[in-house]
Structures are given as C-alpha cells and as structure tokens.
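Bear in mind that the values here come from a model prediction, so they are computed numbers and not experimental data.
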Amino acid sequence: MAKSAEVKLAVFGRAGVGKSESTYQHQATIDDETISMEILDTAGQEDGAQREGHMRWGEGFVLVYDITDRGSFEDVLPLKNVLDEIKKPKPATVVLVGNKADLAHSRQVSAEEGRRLAAQLACGFYECSACTGQGRIAELFLELGREVRRRRLVQGKARRRSSTTQVKQALNKMLTKISS
Ligand SMILES: Nc1nc2c(ncn2[C@@H]2O[C@H](COP(=O)(O)OP(=O)(O)OP(=O)(O)O)[C@@H](O)[C@H]2O)c(=O)[nH]1
C-alpha cells in the first residue's frame with residue numbers, strides 16, 4: 001500500500017448546526033492510498049483570532065449549515081469569502097453540507113438553493129443528517145480529502161516548474177555573460 005498522507009480538515013458553521021455530530025471520520029482509503037485526516041471541529045462561538053488560526057491551520061473546510069435555519073445558510077458565503085482571503089492567492093478548498101435533513105418538516109432552505117450555492121462556490125454539495133446517518137457523510141470527507149490532495153499535487157508541480165524556470169533563466173544569463 002502507498003504511504004499515508006495527512007490531510008487537515010476543519011468544520012465550520014454557525015453554532016448549533018451540528019458540526020460536532022458530523023465530525024467522526026478519521027481515516028479513509030482513497031485510490032488504494034490510506035489517507036489519514038485530522039479533523040478539527042471548530043466552535044460556532046469562537047473569537048476572531050481563534051477562527052483565523054483554525055482557518056490558517058486547515059487545508060480543506062466543511063461548511064455546514066442547518067436546513068431548518070436560514071441564517072446559518074446565509075452565513076456560508078461570507079465565511080467562504082473570509083477563507084478565500086486567508087488562503088490567497090488560491091481559493092479555499094471546501095465542501096458544502098446542509099445538515100439536519102431529517103427535520104424536513106421544518107425546512108427553511110431548499111435542496112435546490114443548497115445546490116445553487118455549491119455551484120457558485122464550485123464545490124461539492126451534500127444534504128445529510130448527522131443524527132440519523134442519512135446522506136453520504138463519510139463520502140463528503142473523502143471528497144474533500146481527495147480534493148486537498150489533488151490541489152497539493154498540482155501546486156507542488158507548479159512550484160517545481162517555476163523553480164526549474166528560474167534555474168534555466170540563471171543559466172541563460174551566465175551563458176550570455178560568458179559568451180559576450
Ligand atoms: N434533528 C437533528 N438534530 C441534530 C443533527 N445534528 C445535530 N443535531 C442536534 O443539534 C444540536 C447541536 O448540535 P452540535 O453538533 O452540538 O452543533 P455544533 O454545530 O457543534 O454547535 P457548536 O459546538 O455550538 O458550534 C444538538 O442537540 C444535536 O443533537 C441532525 O442531523 N438532526
């Protein structure tokens with residue numbers, strides 16, 4: 001089996017949306033590679049400095065709202081904007097989760113609205129219930145872990161390419177000096 005990778009994921013969302021209930025997955029196998037995920041369950045009430053520290057720490061973020069609480073849904077976009085600001089120049093890697101899907105009778109946010117927001121954020125979307133286990137909770141962590149890993153590889157390659165270009169430029173300069 002290939003060597004294991006560590007992916008740091010953090011779960012964000014307004015207090016009471018069900019972050020603690022949904023945070024349980026710690027290890028998963030992706031494409032024959034065991035990926036160990038360190039998952040941070042942030043508190044909805046944490047102060048600015050704490051929140052910023054957690055945002056810097058995480059490589060991938062689960063943005064949770066409660067389908068019975070429209071305010072928690074409206075919190076998502078500003079939260080993503082703060083994450084993007086902290087993760088500049090790359091956008092933050094996120095997945096959107098509408099929790100408490102078992103409380104459909106009290107629903108304030110439709111699944112379609114959730115899907116539309118996910119399309120706007122260019123991320124995956126899941127509706128689930130941390131209480132009943134409804135929805136693909138394990139899969140959403142997998143998707144996020146996989147995406148973090150994919151972006152890390154792409155960025156690593158880009159960094160390697162840019163350092164190769166710098167070496168080539170330096171060699172060209174030296175050669176130009178020598179030949180002049
Ligand atoms: N019906 C239902 N209740 C849920 C679900 N998920 C969480 N809850 C309940 O919602 C309440 C808040 O859940 P928590 O997981 O503590 O919420 P949290 O987002 O971690 O809250 P903070 O730690 O304050 O930020 C608890 O009473 C949970 O049992 C769910 O999927 N369905």
Q: Strictly below 4.0 Å, N to O, side chains only: are Arg136 and Glu127 in salt-bridge contact?
A: no

Q: Following the transitive rule for hydrophobic clusters with a side-chain heavy-atom cut-off under 4.5 Å over Ile, Leu, Val, Met, Phe, Trp and Tyr, establish whether Met37 and Tyr126 coincide in one cluster.
A: yes

Q: Below 4.5 Å, heavy atoms only, C-beta onward: do Val62 and Leu144 meet side chain to side chain?
A: yes

Q: Is Glu112 salt-bridged to Arg115, cutoff N-O under 4.0 Å?
A: yes

Q: Work out which heavy atom in Arg51 is nearest to a heavy atom in Leu79; give both atom names and the distance.
A: NH1-CD1, 3.4 Å

Q: Identify whether Leu103 and Ile137 are in the same connected component of the hydrophobic contact network (ILVMFWY, side-chain heavy atoms under 4.5 Å).
A: no

Q: If every non-hydrogen atom of Thr68 is compared with every non-hydrogen atom of Lys100, which pair is closest and at what distance?
A: CG2-O, 4.5 Å

Q: Looking only at atom types and distance, does a side-chain atom of Glu38 sit under 3.5 Å from a main-chain N or O of Lys8, one as donor and one as acceptor?
A: no

Q: Between NE2 of His105 and CG of Asp102, what distance do you get to the nearest 0.5 Å?
A: 8.0 Å

Q: Looking at side-chain heavy atoms only, is the closest gap between Cys128 and Asn99 below 4.5 Å?
A: yes

Q: Taking all heavy atoms of Thr42 and all of Lys19, pick out the closest pair and write down the distance.
A: O-CE, 3.1 Å

Q: Can you see which heavy atom on Gly124 is nearest to which on Ala118, and at what distance?
A: O-CB, 4.1 Å

Q: Would you call Asp84-Lys88 a salt bridge at under 4.0 Å N-O?
A: no

Q: Take Gln108 and Ile67 through the test side chain to side chain contact (heavy atoms under 4.5 Å, CB included) and record every step on the way to the result.
A: CA-CA 6 Å; Gln108 291 183 1; Ile67 66 152; over 6 Å; no

Q: To the nearest 0.5 angstrom, please state how far the CG atom of Asp47 sits from the CD atom of Glu52.
A: 10.5 Å

Q: At what distance, to the nearest 0.5 angstrom, does CG of Leu63 lie from CG of Leu117?
A: 8.5 Å

Q: When you group the ILVMFWY residues by side-chain heavy-atom contacts below 4.5 Å and let the links chain together, are Val95 and Leu83 in the same group?
A: no

Q: Please state whether the rings of Phe125 and Tyr65 are parallel, tilted or perpendicular, taking 30° and 60° as the class boundaries.
A: parallel

Q: Looking at CZ of Arg107 and CG of Asp69, how far apart are the two atoms once the value is rounded to the nearest 0.5 Å?
A: 13.5 Å

Q: Show the numbers, then the answer: is there a side chain to side chain contact (heavy atoms under 4.5 Å, CB included) between Arg146 and Phe141?
A: CA-CA 8 Å; Arg146 199 181 275 138; Phe141 281 100; over 6 Å; no

Q: Suppose we screen for side-chain hydrogen bond (donor to acceptor under 3.5 Å, both in side chains). Which residues come up paired with Gln50, at least two apart in sequence or across chains?
A: none

Q: CD1/Ile86 to CG/Asn81 distance, rounded to the nearest 0.5 angstrom?
A: 11.5 Å

Q: Are the side chains of Arg14 and Asp66 in touch, meaning some heavy atoms are under 4.5 Å apart?
A: no

Q: Report yes if the side chains of Glu143 and Val148 come closer than 4.5 Å at any heavy-atom pair, otherwise no.
A: no

Q: Consider only side-chain heavy atoms of I, L, V, M, F, W and Y, link residues closer than 4.5 Å, and tell whether Val97 and Leu9 are in one cluster.
A: yes

Q: Can you confirm whether Thr93 sits close enough to Phe61 that some side-chain heavy atom of one is under 4.5 Å from a side-chain heavy atom of the other?
A: no

Q: Assigning hydrophobic clusters by single linkage (Ile, Leu, Val, Met, Phe, Trp, Tyr; side-chain heavy-atom cutoff under 4.5 Å), is Phe73 placed with Val82?
A: yes

Q: Where is the tightest heavy-atom contact between Ser110 and Glu113, given as atom of each residue plus distance?
A: N-OE1, 2.9 Å

Q: Out of Lys87, Arg151, Arg152, which residue meets the side-chain hydrogen bond (donor to acceptor under 3.5 Å, both in side chains) rule with Glu59?
A: Arg152

